[in-house]
Amino acid sequence: MLRLMTPGPTRVRENVRMARSLETTNPDLDPEFYDFYKDTCERISELLNTKNPAYILSGEGILGLEAACASLTEPGDRVLVIDNGVFGRGFADFVRIYGGDPVLYSTDYQMEVDVNTLKTYLEQDHDFKYATVVHCDTPSGRLNPIQDICPLLKSYGIITVVDAVASMFGEPLFVDEWQIDIVCGGSQKALSAPVGLTFLTVSPAAAKVMQERKHPVASFYANLTIFQDYYEKKWFPYTMPISDIYGLRAALENVRADEQIYERHRRVAGYVRDCLARAGYSIYGKNGFANTVTALEVPEGMTDQEIIEGVAENAGIMLAGSFDIFAGKLIRIGHMGENANMEDAKLTVEALLKVLSK
Ligand SMILES: *Cc1c(COP(=O)(O)O)cnc(C)c1O
């Protein structure tokens, strides 16, 4: 099997794989599982520095984004969609599906969102029920300063939804301090558990908006209000994927035990970017470089497939291309979670430079 250096799914450590093979109970009926689920959710909240409750949903990261939009949006609601990347813009689709009116705030994809420019914009127009923003927009490797964006939005009473699927546990997140109402994560990125789970934390303000809806949520699977008293009622809206959650718990313990986790991501990302830049190649973008993924511009005269196949054949390493407007233009190295270590970073950079220099 190729060594994964993709921006998710990432490699899964053995103790996580072992946890997934443990004997299971009936998660609908066994009160012990409700305690285990609640405890695991509390671990998530703790690692994200928030008192807000977390919920684990059975579905890939996209479900978390959709569930946030489904549960907040009512017909006609104006929603500010902060767009400086593919996932950023993609939120508009979820808003539209649930009857909302997405207002795109589009900026240069090569730069992080500039808070002062956003501030000027909001002075003119701030009549939004909520706003969406992506922390790390993976297809282009952009990182947004949500620590400034979310408090600014909240100063206008705008609820904030942050897609942190590709940053969570690779970049620090201070959900309470940064006033993030809903933050979404996924199992297969820096957490390094297999694909299949999404989790989010919900602030009291966001929960209140959901409770006070005039129209019912136009979804069952993506309805977050159903989860709000699962523990008291000992009832989940659907049977929880217990083995996935056992694996998730082990992965969360790995993160908790790793005191250098954010420093390690910073160091590895800095190393990868520096080596490629020093060799004369261009990293996509002008600022806001994420520490979980590096997006390298495909040099003229080469194709992304040539590079990806070359690195796979020569070094047994799997890299990723990009998609949407970046298809064919960028090569992505995922140095997140288990992939983020100097040994693999060195092997990857070496192999990549060899292929690029041909
Ligand atoms: C990975 C990811 C998701 C989940 O989407 P998939 O591409 O389907 O895995 C959502 N948002 C971001 C920013 C991601 O990187």
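Just follow the structure's listing: the first ligand is 1, and inside any ligand the first atom is 1. Numbering starts at 1 and runs along the sequence shown. All of these numbers come straight from a predicted model, not from anything done at the bench.
For the pair Lys189 and ligand 1, the shortest N or O to N or O distance falls below 3.5 Å.
Aromatic ring orientation, Phe227 versus Phe236: tilted (interplanar angle from 30° to 60°).
Protein heavy atom nearest atom 7 (O) of ligand 1, with residue, atom name and distance: Phe87 CZ, 3.7 Å. Atom 15 (O) of ligand 1 has its closest protein heavy atom at Thr138 OG1, 2.3 Å. Given atom 4 (C) of ligand 1, the protein heavy atom at minimum distance is Glu60 OE2, 3.1 Å.
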Given Phe36 and Tyr246, is the ring-ring contact (aromatic ring centres under 6.0 Å, His included) satisfied, shown in steps? CA-CA 9 Å; Phe36 181 81; Tyr246 283 170; 5.2 Å; yes
Let me see the working for Trp178 and Leu173 under side-chain contact (heavy atoms from CB on, under 4.5 Å), right down to the final yes or no. CA-CA 8 Å; Trp178 299 351; Leu173 277 161; 4.0 Å; yes
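Under the 3.5 Å distance criterion, the side-chain polar atoms of Asp137 are left unmatched by any main-chain donor or acceptor of Ser140. Of the possible polar contacts, none joining the Thr160 side chain to the Ala131 backbone as a donor-acceptor pair under 3.5 Å is found. Side chain of Ser45 to backbone of Asn52: a donor-acceptor contact under 3.5 angstrom is found.
Atoms of ligand 1 found under 4.0 Å from any heavy atom of Cys136, numbered from 1 in the order shown, are 13 (C). Close contacts of ligand 1 with Ala166, meaning ligand atoms under 4.0 Å from a residue heavy atom, involve 15 (O).
Within the structure, the closest approach of Gln188 to ligand 1 falls below 4.0 Å when heavy atoms are considered. In this structure, Gly186 has no heavy atom closer than 4.0 Å to ligand 1. Residue-ligand proximity: Asp163 is placed with a non-hydrogen atom under 4.0 Å from ligand 1.
Seen from the ring of Tyr230, Lys234 does not count as a face-on cation partner, given the 6.0 Å and 45° thresholds.
With a heavy-atom cut-off of 4.0 Å, Pro7 does not touch ligand 1 at all.
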